[in-house]
Amino acid sequence: MKLNSLRGMQDILPEEIHIWHYIEKNARELFEIYNFREIRTPLLEQAELFLRSIGEDTDIVEKEMYVFNDKKGRKVALRPEGTASVVRAYIQNSLFNNPSPQKFYYMGPMFRYERPQKGRFRQFHQIGVESFGISTPTVEAELILMLKQFFERLNIKDLNYEINSLGCKKCRPSYRDNLFIYLNEKVANLCNDCQRRFTRNPLRVLDCKAPNCKNTLKDTPFIIDFLCDDCRMHFLSFQKELELMKIKYVVNPKIVRGLDYYTRTVFEITTTMLGAQNAVAAGGRYDDLVESFGGPKTPAAGFAIGMERVVELCKEITEIEPKRPFVYVAFAGQGMEGEAKKLVNMLRKNGFITETAYENLSLKNQLKRADKLKVEWVIIVGEEEFKKSMYKWKRMKEGTQGEARIEEILKILREGN
RNA sequence: GCGGAUGUAGCUCAAAGGUUAGAGCACUGGACUGUGGCUCCAGGUGCUGCGGGUUCGAAUCCCGUCAUCCGCCCCA
């Protein structure tokens, strides 16, 4: 019987792991420059954490979450996103007692039971950040700027920055009422999905891509026209910040987001290069979430980057060389195998990526293997040279070679590194 | 959850119901016992995704199932 990985879950092979390392390294470096620090939270949490943060009516919770009972019958869930866990950890560890802002980043797998597609998997990876304690839109602006620099580092271009405001506890109810009245007149013309959404969560209707619905909803009122004074000011000064930093953006009143905890600012960064799964990063502000979990009233904002999608873009755009062994140690002649082993250990202690023959191969075959491994240098431990305390070195690309003592060999390798 | 396309060697693909299922690349060994790439030779390259059915006979037709891809939905 052949055992395969579960649907939508894939192996990341050494072949492409270097791209992941490259992206992760850039994220760590950059985020730490902005004083975000890494936090690691469990992959498994009480299911209720996500029900209460993301929202019970959302698709994520309703049909995409991996939920099951553990051996004691507790309802647990694999995390479908990162924010809820970080908020939980922030409260549980009383991190709000530390000076504001508290800034965290994380990277790791998330799980959603979705139908797999290009750029969409059941186990996927996100790099995310969360910033707690500051209510001014300078926080969101900093997040966007940091994202922009992140993508610049990776040489990813042609991204669209779209922003919107969802208002707050004060202004959203009046908008919702208004939208309901408006939609009530048109509901007969909407698609089946939208008719369902209309009763469940009217805001979701705005996101529909069906041509007919789009047309019917041309004149739908938008939330940004119903913002309270505070929210409007917040949104305007957010845009001002973006302009100061020369970030090109588009206000897209249709961005609704699939998680209920967002307030005020939301944003999406999209690309046209990945087909239907076009969001590479998204996030927003969630000023009520910490408090709703029993923490002190704490404004907060964050974003998440879709790792697989960024990897895909990197494959198309940048050439990142995978790591290859640097030196191959070959041997020829009586008793040289042991001497070769000593040399291998020595080179490895000196930090060179070293490979060697593990079986008794002809020198020809050893060189053949070295060639296939694409190593830069071969050191041959040969009987004749060994008598003179020398080794033969060979630079594979040029085919040049010579003899040298060990100190010189190390020097040559260091210079060639 | 809905609609569509596709599953043959590690990879890219042939074989239009009829011999023992093929080609290129890759892989392993040899020609070459102290020198890689080139060439030549030899060779695993395989439950034709899996399970049924139709047929004298199925990679080929039908049904189911699983997987992948595309679209919807949703999102990162």
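Chain letters run A, B, ... following the sequence lines, proteins first and then strands; every chain starts at 1.
Arg348(A) places a side-chain N or O within 3.5 Å of a backbone atom of Thr354(A) that can act as its donor or acceptor partner.
Of the residues in residues 281-289 of chain A, those with a non-hydrogen atom less than 4.0 angstrom from any atom of RNA chain B are Ala281(A), Ala282(A). For the segment residues 365-374 of chain A, residues with any heavy atom less than 4.0 angstrom from an atom of RNA chain B are, sorted by number, Asn365(A), Leu367(A), Lys368(A), Arg369(A), Asp371(A), Lys372(A).
Both Pro116(A) and Leu363(A) lie close to RNA chain B; mapped to their nearest nucleotides by heavy-atom distance, the more 5′-ward contact belongs to Leu363(A). Along RNA chain B, the nucleotide nearest Thr400(A) and the nucleotide nearest Glu114(A) are compared for position; the residue whose nucleotide lies closer to the 5' end is Thr400(A).
Atom-to-atom, CD of Gln401(A) to C1' of U35(B) comes out at 7 Å; the value is rounded to the nearest Å.
No donor-acceptor contact under 3.5 angstrom links the side chains of Glu403(A) and Tyr391(A), judged on distance only.
Scanning atom types as modelled, no donor and acceptor separated by under 3.5 angstrom connect the side chain of Lys364(A) and the base of U35(B). For Arg120(A) against C69(B), no side-chain N or O and base N or O form a donor-acceptor pair under 3.5 Å. Checked by distance alone, Lys118(A) brings no side-chain donor or acceptor within 3.5 Å of a matching partner on the base of C69(B). In the interface, the side chain of Arg115(A) is not paired with the base of G71(B) through any donor and acceptor atom under 3.5 Å apart. Judged by distance alone with a 3.5 Å cut-off, a donor-acceptor contact links the side chain of Glu385(A) to the base of G34(B).
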Report task. Could you provide the dot-bracket string of RNA chain B, using ( ) for intrastrand pairs, [ ] for crossing pairs and | for bases paired to another strand, with Watson-Crick or G-U pairs below 3.5 Å? Result -> (((((((..((((....[...))))((((((.......))))).)...(((((..]....))))))))))))....
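Separation of the Tyr90(A) and Phe132(A) ring centroids falls under the 6.0 Å cut-off.
Annotation: A76(B) and A5(B) have their P atoms spaced 31 Å apart (nearest Å).
At least one test fails for Arg40(A) against the ring of Tyr106(A): distance under 6.0 Å to the centre or angle within 45° of the axis.
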